[in-house]
Amino acid sequence: MIAVFKTTVYDDTGFKYYLFVNAETEEEFQAYVDECKALSLYDTGVTAEYGDKLITLSTCEYSRTNGRFVVVAKKIAE
């Protein structure tokens, strides 16, 4: 797990994590990871590198209107 954070959807204030699908460049990937880590509620001690496969899990979070609780993790070797 690289980050766990709260944000909002349907407004201009939240991080639009749901728009990230496939990074076309290393810079785009790193920008996404950096934003996730900056918002993270705690340091997971894990990061991701360009080429890693990520999974994002999101659910409703009711401390604010249209809130979301998000977990971003990377695939590790089996």
Side-chain angles (χ1 to χ4, degrees):
M1 170 172 42
I2 66 168
V4 177
F5 58 91
K6 295 179 184 180
T7 190
T8 58
V9 293
Y10 311 126
D11 62 28
D12 291 332
T13 63
F15 174 43
K16 294 180 176 22
Y17 64 92
Y18 47 86
L19 296 179
F20 181 84
V21 179
N22 289 313
E24 295 189 19
T25 66
E26 185 172 351
E27 292 77 20
E28 185 179 317
F29 182 88
Q30 193 59 53
Y32 177 77
V33 170
D34 289 347
E35 185 66 20
C36 289
K37 304 244 350 128
L39 293 171
S40 192
L41 298 172
Y42 60 92
D43 183 1
T44 65
V46 179
T47 192
E49 298 176 1
Y50 186 64
D52 285 342
K53 301 292 183 189
L54 303 179
I55 184 169
T56 302
L57 307 173
S58 174
T59 191
C60 296
E61 192 280 309
Y62 297 106
S63 69
R64 52 188 141 177
T65 303
N66 295 320
R68 296 295 184 269
F69 184 79
V70 182
V71 176
V72 180
K74 72 175 182 176
K75 183 178 181 179
I76 56 172
E78 297 176 11

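All values below were derived from every heavy atom in this structure, side-chain atoms included, with hydrogens, water molecules and symmetry-related copies excluded.
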Do the ring planes of Phe5 and Tyr17 sit parallel (below 30°), tilted (30 to 60°) or perpendicular (above 60°)? perpendicular

Cut-off 3.5 Å, no hydrogens considered: what does the side-chain donor-acceptor table look like for residues 29-42, sequence neighbours left out?
| unit_1 | atom_1 | unit_2 | atom_2 | d |
| --- | --- | --- | --- | --- |
| Gln30 | NE2 | Asp34 | OD1 | 2.8 |
| Tyr32 | OH | Thr56 | OG1 | 3.4 |
| Lys37 | NZ | Ile2 | O | 3.3 |
| Lys37 | NZ | Val46 | O | 2.7 |
| Ser40 | OG | Val4 | N | 3.2 |
| Ser40 | OG | Val4 | O | 3.4 |
| Ser40 | OG | Tyr42 | O | 2.7 |

According to salt bridge (charged side-chain N to carboxylate O under 4.0 Å, His left out), does anything in residues 9-29 pair up with another residue at least two apart or in another chain? List the pairs. none

Heavy atoms only: give me the nearest Ser58-Val70 pair and the separation to one decimal. OG-CG2, 4.2 Å

Distance (rounded to the nearest 0.5 Å) between Arg68 CZ and Phe15 CZ: 15.0 Å

Give the minimum heavy-atom separation between Thr47 and Lys74, together with the two atoms involved. O-NZ, 3.0 Å

Interatomic spacing from CD in Glu61 to OG1 in Thr7 - rounded to 0.5 Å: 10.0 Å

Determine whether Met1 and Val72 fall in the same hydrophobic cluster, where Ile, Leu, Val, Met, Phe, Trp and Tyr are linked whenever their side-chain heavy atoms lie under 4.5 Å apart. no

More than 12 heavy atoms from other groups under 6.0 Å of CG on Leu19: yes

